Structure formats: structure tokens, C-alpha cells
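This one's a predicted model, so the numbers in the text were calculated from it and none came from an experiment. First listed ligand is number 1; within each ligand, the first listed atom is number 1.
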Amino acid sequence: MTVKTRFAPSPTGFLHIGGARTALFSWLEARRQGGEFVLRIEDTDQERSTAESVEAILEGMQWLGLDWDEGPYYQTERFDRYREVIQRLLDEDKAYYCYCSRERLDELREGQRARGEKPRYDGRCRDLDGPPEGAEAVKPVVRFRNPQEGQVVVEDRVRGRVAFDNSELDDLIIARGDGTPTYNLTVVVDDADMGVTRVIRGDDHLNNTPRQINILKAMGVEPPEYAHVAMILGEDGKRLSKRHGAVSVLQYRDDGYLPEALLNYLVRLGWSHGDQEVFTRDEMLAHFSIDDVNRAASTFNPEKLLWLNQQYLKTLPPEEVSEHLLWHFGQLDINPAEGPPLGEVVLALRERSRTLLEMAESARMFYEEFEAYDEKAVRKNFKGRAQEVLERLHAELSGVTEWNAETLHAVVTGAAESMELKLGKVAQPLRVAVSGGAVSPPIDLTLTLLGRERTLARITRAIGQIPAESEAD
Ligand code: GLU
């Protein structure tokens, strides 16, 4: 049988780290076996679901490169189908109308709590033939007739065997008074209709699983396999949340992370392959199996993610990094047509950038004029013989015919030698002149990327900045 997995987020917020890991595991599990992956938007909670969240989920998935074969399905478009299943369960007496008022249910629950019992429905309406007297006007809910005896055994692919006694499960509401279906019903109908064979999700859903299995059986459908993945914790041991910093996938994109780095980081949350840390997508596909996922919670470590990001910036083909850099140029309003090819900039900056955002910010000088000089860099470097140095460099660079790193290197070292200055006394004022600050890639590379025209114009601009009465060194 072909493996079919799904990712079924509720669009009530952004796509977060935990959701993205579930999506990745489900995607890998399908793809590695030539199976199919379904995306389903569980938007039945119409008060909390928003179009922006749907957008953020789709954008996050696309950015991560987690492509789906079917969907996105929207549960709000499937209400007729849910109604049909509910009606069938009613007709077959596998579900029943419940007329109990909210007050009665509240009282019931309070009494159970007071006696130290687990709150549960007592089944009062289980065997009614019609509305009880006085309840004719009540819009009844529909409850699933859960088996009262026996066990539901889940052979969970992560947790192992988990058994639930039916006597612990009460008759769950599957349709509200207004006829709308509830979560456990919609998930079950969808997993059945969509032919999902393996459900991978957070272990906060483990307690729903025996109920879902019972409903599936009542529908005459063979339940899928389940794999419940443990939570992700922050470094303080609490469930990962905004308090721990960015938890939204798109925030990581905006902060300059590569999708490869985030995926690599996510796959290691709960899964390992020897002591390998860096995995290409193909390696993940070759080695991943949901059966090897650890049942213990994992801890989110932002430094490690940053480290991985640097690894990927350094090792991915520059053309690939360029595509992402281009996106950041757009965000920062840098026009890529106004300077060197992006691939060259990536090569020049990748050793010194931790994120694409840092890279884009450092690259700005190659595409547009900087507004102000860094004051500290100016104080430190535009003094002594700086003016003379820059004038000489301007003259020599004007005569250069082959504008490449080798020639430019020779010009700078030659100037230092003939002026009897240390290389830094020439290269640093030049660097401040062309970049506005004291940090840039090696000076010959910086000049190469800037090109002759920009370099000469910036040196001229800098000469005009140097105080006339510059002190002797
Ligand atoms: N929509 C549910 C959630 O976002 C997931 C349901 C499932 O995976 O079965 O928590």
C-alpha cells in the first residue's frame, strides 16, 4: 500500500517551529517511500481561523520546500460530507441525539469533580426514543456511541503500544446544536476520505486517538497508523513559546535563515543518525524513518540553528544562496542591478555572515552609496598621511587597466612600500573611504566588487572629508 501522510494545521496563528517539524516528518515519511503527502487546513473553528494564518502556513511550507501532492483541502468546504457521515452514524444507531442542557452538564461535572472522579458524560440520553418531555424545543447535540467495554490499543510508531480502556472514554459530541461538526469527527472523516495511512502529529493529540479509532471503526474504516511526536521545549524546560524568541517559520526567513538550515535543525529535534549533524535533503530522505524518532521531548537551541545556518551559507552553491539573498535585497530595497553579480558577493561575504540578513546589509555598499561614514573609523583612519595615501591611490588606480584582485592587490601593496608605510596604514583609510566603515572583505576583493568608477568616486569623496589640519601620525 502506498504511504500517505498529511499535515493538518489549524490556521489560528503562524506556522510555528513545532508545526513545521510535524510537517517535515510527515513529508519525509511520504517522500522517502515514494508515497503522497496531503495538506489540509483545519479551519472549522471559524472564530479563531484567519485568512492571514492560512497564507502564513502556505508561505511557510513553500519557503521550506515542503511540497504537497494533494490539497490544500479546507474543512470549511466539506461540511456537507461531515453532515452526511453524522447522519449515517445516527441512522445506524452509532450516534444519538443528546438533549442535556448546559446547566445539567455543568452540574454533572461539578459533582464528579467534587467526588474526585474524572469528568465525563453519564450517558443519560443514550437510549432515548425521542426528545424527553420539556426538551422538544432544544436543539440537540449528536454524541458518538462509544463502546463501553474493551480496550483500544494504539501501536504508536513513536510511543510504542498505548492502551486505553473504553470505560474511560465517554460519548463524545460529534455535532454541536447548530449541526456543525467537532474536531474529532472532521479529522476522522478526512483521514478516511483522503486515504491517509500514517498520521504523524504532536503528542498533545494522543488522547484523541482512541476516540478517533472508535469512530473510524464505526464508519467501517480501517484506522491508519499513528505516530505521536513529543513536544519541543525551550531551554528552560518549558513548552516552546514566544517567550523563547522567534517561533514562527517566516520570522526565521525574515531574520536571514536558509530553509535548508531550518529543515536540518528541525529534523534533528527528536531524530538522529549516528552523530551526523548536517544533512542535505537527500540524506534526510535516505536515512529518516518515523520509527527512529525519540519519544522524549527535545530542546530548542537557537545557537545551534545559527551555527547550521552559517554552515549552509558557506557550503551551498553560491547561486542557491543568491536566490535567497535576492529576496532580502527586495526586503531591504537594494537594487541588485546596481552592482556586481550576487554570486560574487556571496563568495566574498559568506565567511563573515551568520545570516542572509547580515550578508545583505554588508552587501549594500556594493549597490548604493552609503550615507555617512562610521565616525570611529574616520577618527582612527582619516588622519596622519591619510590624505596623501588616498590621493596617491586615486592616481594609481585611475591608471589600472585590468581591474582585478591581483592588480589591485599589487597597487595597494606597492603604494605602502613606496610610501614606507605599513600595509594597514594604506588599506584601512582606503577601506573606510570605499565602504564608509572599518569592516569589509579583503581590500582587493572589495575594490574588485565595487568596480573602478565607484572606487574612484568614493576615494574622491573621502579626500574631501579629511580635515585639512590632520595631525601627524
Ligand atoms: N488541526 C490539529 C492541530 O493543528 C491537528 C490535527 C491532527 O493532526 O490530527 O493541532
Side-chain angles (χ1 to χ4, degrees), residues 3-30 36-58 60-61 64 66 68 70-79 81-82 85 144 152 154 156-159 162 164 172 174 180-216 219 221 223-232 239-241 247-249 266 270 290 293 297:
V3 172
K4 197 165 188 182
T5 62
R6 57 24 168 220
F7 176 50
S10 304
T12 53
F14 41 75
L15 175 61
H16 55 81
I17 290 293
R21 183 190 55 167
T22 304
L24 172 63
F25 283 4
S26 306
W27 181 89
L28 283 171
E29 194 61 7
E36 286 175 356
F37 177 57
V38 177
L39 178 61
R40 179 169 83 223
I41 306 292
E42 303 207 322
D43 55 352
T44 51
D45 182 346
Q46 291 177 23
E47 270 168 34
R48 292 176 59 229
S49 299
T50 64
E52 296 81 65
S53 292
V54 173
E55 216 26 68
I57 290 167
L58 299 182
M61 294 285 286
L64 287 170
L66 300 179
W68 52 91
E70 278 181 37
Y73 293 111
Y74 294 87
Q75 289 193 321
T76 43
E77 291 171 5
R78 291 178 43 80
F79 277 142
R81 173 63 182 144
Y82 305 136
V85 173
F144 173 66
V152 183
V154 186
D156 194 279
R157 302 198 65 132
V158 171
R159 310 275 302 221
V162 194
F164 299 84
L172 162 91
I174 54 174
T180 57
T182 59
Y183 159 73
N184 281 297
L185 189 278
T186 57
V187 167
V188 157
V189 173
D190 287 351
D191 285 340
D193 285 0
M194 294 166 195
V196 171
T197 63
R198 202 163 285 181
V199 168
I200 298 172
R201 59 185 172 194
D203 67 0
D204 47 336
H205 285 292
L206 183 60
N207 285 333
N208 289 320
T209 304
R211 300 173 180 283
Q212 295 182 4
I213 290 177
N214 281 335
I215 302 176
L216 281 163
M219 286 166 63
V221 176
E225 291 179 313
Y226 291 90
H228 288 90
V229 181
M231 284 195 276
I232 303 175
R239 196 189 172 125
L240 189 67
S241 74
V247 284
S248 140
V249 165
L266 291 175
I290 195 70
V293 169

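With a heavy-atom cut-off of 4.0 Å, Arg6 touches ligand 1 through its side chain alone.
Counting the atoms of ligand 1 from 1 in the order shown, those under 4.0 Å from a heavy atom of Ser10 are 1 (N), 2 (C), 3 (C), 4 (O). With ligand atoms numbered from 1 in the order given, ligand 1 contributes 1 (N), 2 (C), 5 (C), 6 (C) to contacts under 4.0 Å with heavy atoms of Glu42. Atoms of ligand 1 lying under 4.0 Å from any heavy atom of Tyr183, numbered from 1 in the order shown and given with element: 6 (C), 7 (C), 9 (O).
Between Ile57 and Pro11, the shortest heavy-atom distance links the atoms CD1-CA, 3.9 Å.
The shortest contact between atom 10 (O) of ligand 1 and any protein heavy atom is with His205 NE2, 2.9 Å.
The residue from Val158, Ile213, Val162, Leu206 that alone fulfils the side-chain contact (heavy atoms from CB on, under 4.5 Å) condition with Tyr226 is Ile213. Shown are Phe25, Phe37, Trp27; of these, the side-chain contact (heavy atoms from CB on, under 4.5 Å) with Thr5 is made only by Phe37.
Any N or O atom pair closer than 3.5 Å counts here, and Ala8 shares at least one such pair with ligand 1.
With respect to the salt-bridge test (charged N to carboxylate O, under 4.0 angstrom), the residues Arg40 and Asp191 qualify. A salt bridge links Arg78 with Asp193: at least one charged nitrogen is closer than 4.0 Å to a carboxylate oxygen.
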